[in-house]
Amino acid sequence: MKYQFGQTSRLGNRKVNEDDLGVAEAGDAVLLVVADGMGGYRGGQVASRALVKYMVSHFKSGKFPVEDPPSFLKELVADAHVAIIRAGSEQNPPVEPRTTCVVCLIQAGFAWWAHVGDSRLYMFREGKPFKRTVDHSKIEEMRRKGKISEAEMKNHPQRNLVTRCVGFQPHPPVPTVSDKIPLEKYDMFVLCSDGLWGPLEDEVIVETLTENTITQGVEKLAELAELNSYPDSDNISVVAFRWVSLDSNVQPETLIEETAPMAVDEKLT
């Protein structure tokens, strides 16, 4: 596969970073994951790190190609839930950790993703929004029922309340899983915590990434999110991935280093 990716995680104006993220390649497949820990720094840190560690480790040790990606993602979330509860019980004193998460599997020119809570995945095509996860949150439920407008969601007092999380509860959550999405050249995915998407409009996200290299773009996005939400910036985590082709002659690291900034419209001509 040929692709580009960048990732960053910032503290913001918090005392600790409860986010975690991971990118892993195995068997001609790639796994992307972002987790946003909840419930206080001890529980949040434990949950996000346990989830990412489990998902990346399980993915790398699996069989490829993944035969049933939607089932794989559901099982990945369920098993990570168990790993989080176990990690919490091993703390002294024990804690009840929980986290939101978004995870994406890319394989054979297709993508599938799953999410729990309000960590998001954006998919951009030809420089425009194409797909986005719908948050499991109180304000999203209120918006769907017509109780508040989309504009009112930004500053609503319940904007941080999620309705699903991984960990804490006895039974694993039910993630929302995408359909199988065929990839086109230069399709771009952004996985992020609410510390990034909260302060930034969708247009800013895609413009920043298409006007810079991926590695530069994620850093600029994190900086913008931090500045826009100052002095109450949350932890900010983002993984960006740009699909190029199934051709495996060029290693991802080389592609990242040699690719210069170029606008999406220019790439597609």
Side-chain angles (χ1 to χ4, degrees), residues 9-10 12-14 16-22 32-52 54-55 73-74 76-85 87-88 95-104 113-122 131-178 190-200 202 205 225 229 232-239:
S9 186
R10 291 196 180 197
N13 298 118
R14 299 292 193 256
V16 294
N17 193 344
E18 297 180 76
D19 290 357
D20 202 0
L21 48 77
L32 317 170
V33 56
V34 168
D36 181 354
M38 305 161 55
Y41 80 89
R42 287 193 66 231
Q45 284 184 316
V46 169
S48 62
R49 282 147 183 72
L51 181 140
V52 172
Y54 176 81
M55 286 190 172
L73 291 173
K74 290 177 184 177
L76 202 59
V77 170
D79 292 343
H81 177 87
V82 175
I84 290 170
I85 292 176
V95 294
E96 296 181 325
R98 68 201 80 172
T99 185
T100 67
C101 79
V102 58
V103 55
C104 180
W113 57 83
H115 81 287
V116 177
D118 62 359
S119 290
R120 286 185 180 179
L121 178 144
Y122 294 85
K131 299 277 187 181
R132 178 175 76 76
T133 54
V134 178
D135 304 336
H136 302 134
S137 67
K138 185 67 174 178
I139 59 170
E140 183 60 45
E141 287 186 355
M142 294 169 69
R143 185 197 66 80
R144 289 201 303 267
K145 293 177 181 178
K147 294 182 177 180
I148 60 173
S149 68
E150 188 163 348
E152 291 173 317
M153 294 173 70
K154 283 281 185 181
N155 299 308
H156 197 279
Q158 294 181 308
R159 64 186 180 277
N160 294 322
L161 297 181
V162 299
T163 54
R164 299 185 203 179
C165 65
V166 191
F168 179 58
Q169 297 176 332
H171 302 291
V174 178
T176 298
V177 181
S178 75
V190 176
L191 287 71
C192 58
S193 60
D194 63 341
L196 185 101
W197 64 255
L200 300 180
D202 296 3
I205 295 174
S229 52
D232 192 31
S233 173
D234 197 355
N235 303 147
I236 300 163
S237 295
V238 55
V239 172

In terms of heavy-atom contacts, Gly195 and Asp234 come closest through CA-CB, 4.0 Å
Asp19 meets the side chain to side chain donor-acceptor pair (under 3.5 Å) criterion, sequence neighbours left out, with Ser193, Ser237
To the nearest 0.5 Å, atom CG of Leu191 lies from atom NE2 of His115 at 11.0 Å
Residues at least two apart in sequence or cross-chain that pass side chain to side chain contact (heavy atoms under 4.5 Å, CB included) with Ala80, listed by chain then number, are Leu51, Tyr54, Met55
Scanning both residues in full, the closest heavy-atom pair of Val34 with Cys192 reads CG1-C, 4.0 Å
Residue set satisfying side chain to side chain donor-acceptor pair (under 3.5 Å) with Asp135, at least two apart, ordered chain then number -> Arg120
dist Glu141:CD -> Gln158:CD (nearest 0.5 Å) comes out at 10.5 Å
So CE of Met153 and CD of Glu140: to nearest 0.5 Å the spacing works out to 4.5 Å
Side chain to side chain contact (heavy atoms under 4.5 Å, CB included) between Leu32 and Trp113, intermediate numbers included:
CA-CA 9 Å; Leu32 317 170; Trp113 57 83; over 6 Å; no
_Leu73 vs Pro175 side-chain heavy atoms within contact, under 4.5 Å_ = no
On a heavy-atom basis, the closest approach of Pro97 and Val95 is CD-O, 3.1 Å
To the nearest 0.5 Å, atom CD of Gln45 lies from atom CG of Asn235 at 9.0 Å
Are Ile148 and Ile139 packed together at the side-chain level, in the sense that at least one heavy-atom pair is separated by less than 4.5 angstrom?
yes
Taken in chain and number order and not counting sequence neighbours, the residues that satisfy side chain to side chain donor-acceptor pair (under 3.5 Å) with Glu96 are none
Any side-chain heavy-atom pair of Arg144 and Val134 under 4.5 Å: yes
Value for CG (Leu121) from OG1 (Thr133), rounded to nearest 0.5 Å, stands at 6.0 Å
**Prompt:** Hey, does the side chain of Trp197 reach the backbone of Asp118 with a donor-acceptor pair shorter than 3.5 angstrom?
**Reply:** yes
Review point. Under the side chain to side chain contact (heavy atoms under 4.5 Å, CB included) criterion, do Val190 and Val238 qualify, and how do the steps go?
Key: CA-CA 7 Å; Val190 176; Val238 55; 3.7 Å; yes
N/O donor to acceptor pairs below 3.5 angstrom from side-chain atoms of residues 164-174, sequence neighbours left out:
| residue | atom | partner | partner atom | Å |
| --- | --- | --- | --- | --- |
| Arg164 | NH1 | His136 | NE2 | 3.4 |
| Arg164 | NH1 | Val174 | O | 2.5 |

dist Ser119:OG -> Asp194:CG (nearest 0.5 Å) comes out at 7.0 Å
In Asp20, Thr100, Leu196, the residue satisfying side-chain contact (heavy atoms from CB on, under 4.5 Å) with Asp36 is Thr100
Across all chains, not counting sequence neighbours, the side chain to side chain donor-acceptor pair (under 3.5 Å) partners of Arg14 are Asp232
### Backbone of Gly44 reached by a side-chain donor or acceptor of Ser48 within 3.5 Å
yes
